[in-house]
Amino acid sequence: MFRRTTSYFFAFLDTILRILGFAETTFAVTAKVCDEDVSQRYEQEIMEFGSPSPMFTILATLALLNLFSFVCGIKRVVVDIQIKPLESLALQIILCGVLVLINLPVYQGLFFRKDKGTMPTSVTYKSVSLALLACSIALY
């Protein structure tokens, strides 16, 4: 699911750029060397983020947007203790909560892990900035 979220977006952009004649498809061969640490994380079923990639920036930004939406929805229900906001937001809050649970490995890679498989700090800063920018634009 994570790869589909970003790969469809990049494929769409690549197709549009190719149709307009601004880009042509290239193929890059990458090394698939496996360390002992990478192998151990794979066996423990821990996601490997290691290198900075535009895919990780989009993935982390979408995950953070879901987290911010979930927190704001819960805050809105708690502050407005009436039943009316809960009726209109219940399904949205449940859906955001499910997405937050699905994205737990991304949050761990962004903020909690300290090994070499963590998200690069540049990706973390970009994602947080973009998510906060999107939230601030939505509030105005």
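Quick caveat, the model's predicted, so the values are computed rather than measured.
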Response to the item:
Nearest heavy-atom contact between S127 and T61 is CA-OG1, 3.4 Å
Discussion item. Hydrophobic cluster membership, with links at side-chain heavy-atom distances under 4.5 Å among I/L/V/M/F/W/Y: are V128 and Y125 in one?
Written reply: no
Discussion item. Let me check something: do M55 and L62 share a hydrophobic cluster, defined by ILVMFWY side-chain heavy atoms less than 4.5 Å apart, either directly or through other members?
Written reply: yes
Discussion item. Do I137 and L130 land in one hydrophobic cluster if side-chain heavy atoms of ILVMFWY residues count as linked below 4.5 Å?
Written reply: no
Item to complete: Compare every heavy atom of C135 with every heavy atom of L65, then report the nearest pair and how far apart it is.
Response: CD2-SG, 3.8 Å
Worksheet item: Between L91 and L95, is a side-chain contact (heavy atoms from CB on, under 4.5 Å) present by the stated rule, with each step listed?
Response: CA-CA 6 Å; L91 190 57; L95 181 60; 5.7 Å; no
Worksheet item: So how far is it from S69 OG to I74 CD1, rounded to the nearest 0.5 Å?
Response: 11.5 Å
Worksheet item: Would you say the side chain of L20 lies within less than 4.5 Å of the side chain of I16, judging by non-hydrogen atoms?
Response: yes
Worksheet entry | Check: Y107 side chain, F112 main-chain N or O, donor-acceptor pair, under 3.5 Å | no
Worksheet item: Name the one of V106, V71, L67 that satisfies side chain to side chain contact (heavy atoms under 4.5 Å, CB included) with V100?
Response: L67
Worksheet, complete the sentence: OG (S136) and CZ (F68) are apart, to the nearest 0.5 Å, by 10.5 Å
Fill in: Separation between CD of Q108 and CG of N103, rounded to the nearest 0.5 Å
11.0 Å
Item to complete: Search all heavy atoms of G73 against all heavy atoms of I93 and return the closest pair with its distance.
Response: O-CD1, 3.6 Å
Item to complete: Answer yes if L59 and L132 sit in the same cluster of Ile, Leu, Val, Met, Phe, Trp and Tyr residues linked by side chain heavy atoms under 4.5 Å apart, and no otherwise.
Response: yes
Item to complete: Compare all side-chain heavy atoms of F70 with those of L99 and state whether any distance is below 4.5 angstrom.
Response: no
Discussion item. Give me the atom names and distance for the closest heavy-atom approach of L64 to A131.
Written reply: CB-CB, 3.8 Å
Fill in: Transitive ILVMFWY side-chain link L104 to F56, under 4.5 Å
yes
Discussion item. Restricting to side chain to side chain contact (heavy atoms under 4.5 Å, CB included), what partner residues turn up for S129, sequence neighbours left out?
Written reply: none
